[in-house]
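Input: a single structure, listed below in structure tokens.
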Protein chains: 2
Amino acid sequence: MSLVPPPESETELLSRARSMSGCSLGELAARLGENVPETLLRNKGWVGQLLERYLGATAGALAEPDFQAIAVELKTLPLSKRGLPLESTYVCTVPLEQGIGQTWESSWARGKLSRVLWVPLEADKTIPLAQRCIGSAFLWSPDENEEQQLRQDWEELMEMVCTGQLEKINARLGTAMQIRPKAANASVLGHAIGTEGERIVSNPKGFYLRTSFTRKILGQHYMLSEG
Amino acid sequence: MSLVPPPESETELLSRARSMSGCSLGELAARLGENVPETLLRNKGWVGQLLERYLGATAGALAEPDFQAIAVELKTLPLSKRGLPLESTYVCTVPLEQGIGQTWESSWARGKLSRVLWVPLEADKTIPLAQRCIGSAFLWSPDENEEQQLRQDWEELMEMVCTGQLEKINARLGTAMQIRPKAANASVLGHAIGTEGERIVSNPKGFYLRTSFTRKILGQHYMLSEG
DNA sequence: GAGGATCCATGCGTGGATCCTG
DNA sequence: CAGGATCCACGCATGGATCCTC
């Protein structure tokens with residue numbers, strides 16, 4: 001499945017990621033012998049999966065970091081034509097029934113976010129997909145402030161999930177991380193906890209990082225790396 | 001022309017203004033024996049002029065405060081359905097040829113803004129004009145910070161006007177007050193100063209208070225009057 | 001043409017909906 | 001159905017254009 005062996009260190013991963021800098025998606029696909037779809041409309045995950053293959057990610061659809069051996073998660077960072085993050089970033093599925101007893105420290109969300117390789121990518125829709133350039137990747141871990149923000153959002157939201165207030169949750173809650181629907185469509189249903197503790201049906205939910213949060217991450221990276 | 005005598009003190013003006021609170025534009029027009037237009041589309045100044053007549057404003061089209069005797073300017077403050085100022089506020093015409101030698105202290109803009117009666121007004125377009133309610137009017141003068149902001153904007157903008165940089169001016173300049181076109185249409189022309197000091201043609205310009213600035217004014221008024 | 005202003009087209013932000021792969 | 005994400009409709013913001021009266 002992976003044509004490329006997984007990286008054995010962060011340094012190796014970052015080096016391989018940097019070898020994509022300035023490269024277009026068309027070139028990258030060509031290196032892997034793949035075709036570029038005309039549009040992402042019916043293939044929204046294509047870019048992420050292309051990068052996974054190029055970089056030798058291992059986890060596939062598992063609830064594990066993309067690079068298991070070195071515990072690093074891969075995330076693309078779609079940029080507007082002004083160079084700013086354009087979309088929220090999916091983190092992981094919200095445990096609608098298994099959340100009770102979990103803590104931030106033990107949570108899937110914290111595991112995913114503790115070490116991330118961000119790969120900036122041109123995402124302006126006026127640029128044909130094959131011509132969009134890959135930027136300079138960087139490794140990130142939350143600093144103390146970010147960790148506190150994420151923890152607080154996670155704790156407040158999971159408190160609601162676990163106490164039957166799921167239906168009160170909307171994407172306006174959470175300063176850095178929010179909960180949003182996550183499914184093929186609204187007819188996909190799972191189970192959750194109701195007001196009286198009973199099982200109710202609900203559509204699946206995901207944790208997402210707000211665009212404002214990833215903008216800060218990118219901005220701080222520029223500050224640190226340039227001046 | 002004025003059915004109503006001009007107020008002789010701020011107290012009298014404010015009292016008369018407060019007698020409109022909660023009143024609809026339809027009711028107010030009825031008190032004056034006037035008809036309400038169906039829409040402001042071809043009568044954008046109607047509300048302001050209705051209020052002038054009801055309150056006994058005297059200046060008409062002069063470059064003078066609306067209430068000359070007590071040196072108070074009248075401004076409507078159109079509010080969105082959430083109760084926030086919705087549009088920028090016209091202050092006065094920009095002196096495109098007569099600006100040299102003027103100072104902020106002697107300026108028309110400062111004269112207009114030194115004492116203002118703000119009249120909040122429902123302005124959501126889904127509410128028929130006659131049904132829009134008038135809010136609780138209040139008197140305002142710029143505090144020290146506001147005065148500094150206005151002065152700085154005025155000085156920076158007039159510097160450009162006087163040094164032939166008029167064409168570099170756009171509505172993005174100025175933190176509290178901006179310069180924008182002010183004419184029946186783009187074919188209306190006046191004179192201004194060119195790069196080399198020569199006379200050039202230009203369309204007329206006005207000073208406007210940004211919506212963000214009048215939002216702060218309203219917010220501070222609520223803070224002071226309620227808690 | 002100064003004074004009373006709002007209109008409107010365009011762009012940005014974003015919450016909820018949706019799409020494909022393995 | 002978890003993981004890879006983007007799409008898109010709608011609301012807000014606002015810069016430049018415009019309208020009437022006197």
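Judged as a side-chain contact (heavy atoms from CB on, under 4.5 Å), and not counting sequence neighbours, the contacts of Thr93(A) are Tyr90(A). Taking the side-chain contact (heavy atoms from CB on, under 4.5 Å) definition, one finds that Gln220(B) meets it with Asp143(B), Glu146(B), sequence neighbours left out.
When rounded to the nearest whole Å, the span between NZ of Lys205(A) and P of dA2(D) equals 14 Å. The distance from atom CD of Glu64(A) to atom C1' of dA2(D) is 13 Å, rounded to the nearest whole Å. Distance CG (Leu55(B)) to P (dG4(C)): 13 Å, rounded to an integer number of Å. At whole-Å resolution of the value, CG in Leu50(B) and C1' in dT21(D) are 14 Å apart. Note: NZ (Lys44(A)) to P (dT6(D)) measures 10 Å, nearest angstrom. Here the C1' atom of nucleotide dG3(D) and the CZ atom of Arg53(A) are 13 Å apart, to the nearest Å. Here dT6(D) presents its P atom at 11 Å from CD of Gln49(A), a figure rounded to the nearest Å. The CG atom of Asn185(A) sits 16 Å away from the C1' atom of dA2(D) (whole-angstrom rounding).
Listed by residue number, the members of residues 117-134 of chain A with any heavy atom below 4.0 angstrom from DNA chain C form an empty set. For DNA chain D, the neighbouring residues in residues 170-183 of chain A, judged by any heavy atom under 4.0 Å, are Arg180(A), Lys182(A). Sorted by residue number, the members of residues 74-99 of chain B with any non-hydrogen atom under 4.0 Å from DNA chain C read Lys75(B), Thr76(B), Pro78(B), Glu87(B), Ser88(B), Tyr90(B), Thr93(B).
Residue Gly48(B) is in sugar-phosphate contact alone, with no base atom involved, counting any heavy-atom pair closer than 4.0 Å across all strands shown. Across all strands, Leu41(A) comes closer than 4.0 Å only to sugar-phosphate atoms, never to a base (heavy-atom distances). Across all strands shown, Ala184(A) has heavy atoms under 4.0 Å from base atoms, whether or not it also approaches the sugar-phosphate.
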(message) Quick one, Leu113(A) with Val91(A), criterion side chain to side chain contact (heavy atoms under 4.5 Å, CB included). Give me CA distance, side-chain angles, the key distance, then yes/no.
(response) CA-CA 8 Å; Leu113(A) 294 176; Val91(A) 179; 4.0 Å; yes
- Query: What do the steps show when you test Leu77(B) against Ile217(B) for side chain to side chain contact (heavy atoms under 4.5 Å, CB included), and what is the final call?
  - Reply: CA-CA 11 Å; Leu77(B) 196 52; Ile217(B) 290 175; 5.9 Å; no
His221(B) vs Trp140(B), test: side chain to side chain contact (heavy atoms under 4.5 Å, CB included). Steps then yes/no.
CA-CA 9 Å; His221(B) 170 67; Trp140(B) 168 87; over 6 Å; no
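Separating the CE atom in Met177(B) from the OG atom in Ser88(B) is a distance of 12.5 Å, to the nearest 0.5 Å.
Between the Arg132(A) side chain and the Ile127(A) main chain, a donor and an acceptor come within less than 3.5 Å of each other. In this structure, the side chain of Asp153(A) engages the main chain of Thr175(A) through a donor-acceptor pair within 3.5 Å. Judged by distance alone, with hydrogens and angles left aside, the side-chain atoms of Ser141(B) form a donor-acceptor pair with the main-chain N or O of Ser114(B) at under 3.5 Å. A donor-acceptor pair under 3.5 Å is formed between the side chain of Arg210(A) and the backbone N or O of Gly174(A). Between the side chain of Gln178(A) and the backbone N or O of Tyr208(A) there is no donor-acceptor pair closer than 3.5 Å.
Applying the ring pair (Phe, Tyr, Trp, His ring centres under 6.0 Å) test to residues at least two apart or on different chains, none of the pairs has a partner in residues 164-185 of chain B.
For dG13(C), the OP1/OP2 oxygens have no side-chain nitrogen or oxygen of Arg210(A) closer than 4.0 Å.
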